[in-house]
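These numbers come from a predicted model, not from an experiment.
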Amino acid sequence: MAENRLIHSFQKNALEEIRVSLNVFRGKEYIDIRIYYKGDDGEYHPSKKGVTLSPELLPDLQDAVKKLEEALEA
């Protein structure tokens, strides 16, 4: 059974949004950061553009975002 829990989403542009979710697939939990696009039906659909990570990699992702913030402030 696959289970998805949306944690946060934000608009990338007029036709795309980025969604961060916790997904369970085959009994394992994953972090999914994915671009969703607006289809002809007006609904958002997942694209192949994204990354799925093991929760154990969350500290590495947090470090990367912190370093990105520091680089943008420099």
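By the rule that hydrophobic residues join a cluster once side-chain heavy atoms approach within less than 4.5 Å of another member, Leu58 and Ile7 end up as members of one cluster. A continuous path of Ile, Leu, Val, Met, Phe, Trp and Tyr side chains, each step under 4.5 Å between heavy atoms, connects Leu57 with Leu22, placing both in one hydrophobic cluster. By the criterion of side-chain heavy atoms lying less than 4.5 angstrom apart, applied directly or through intervening Ile, Leu, Val, Met, Phe, Trp or Tyr residues, Val51 is not grouped with Val24; the two fall into different hydrophobic clusters. By the rule that hydrophobic residues join a cluster once side-chain heavy atoms approach within less than 4.5 Å of another member, Leu6 and Val20 end up as members of separate clusters.
Residues Ile33 and Leu61 approach most closely at CD1-CD2, 3.8 Å, considering heavy atoms. Nearest heavy atom pair, residue Asp41 against residue Glu43, reads OD1-N, 3.0 Å. Of all non-hydrogen atoms in Pro55 and Ile31, the two that sit nearest each other are CA-CD1, 3.8 Å.
Here the straight-line distance linking atom CZ of Arg19 with atom CG of Asn4 works out to 10.0 Å at 0.5 Å rounding. For the atom pair Ile35 CD1 and Leu15 CG, the distance stands at 12.0 Å (nearest 0.5 Å).
Listed for the Glu17 side chain is no donor-acceptor partner under 3.5 Å among the backbone atoms of Ser9. Using a distance-only test at 3.5 Å, with no hydrogens or angles considered, a donor-acceptor pair links the side chain of Ser47 to the main chain of Lys49.
Cluster partners of Leu72 are Leu68, counting Ile, Leu, Val, Met, Phe, Trp and Tyr whose side-chain heavy atoms approach within less than 4.5 Å, directly or via other members.
Screening residues 28-38 for side-chain hydrogen bond (donor to acceptor under 3.5 Å, both in side chains) gives Asp32-Arg34, Asp32-Thr52, Arg34-Thr52 as the qualifying pairs, with residues at least two apart or on separate chains.
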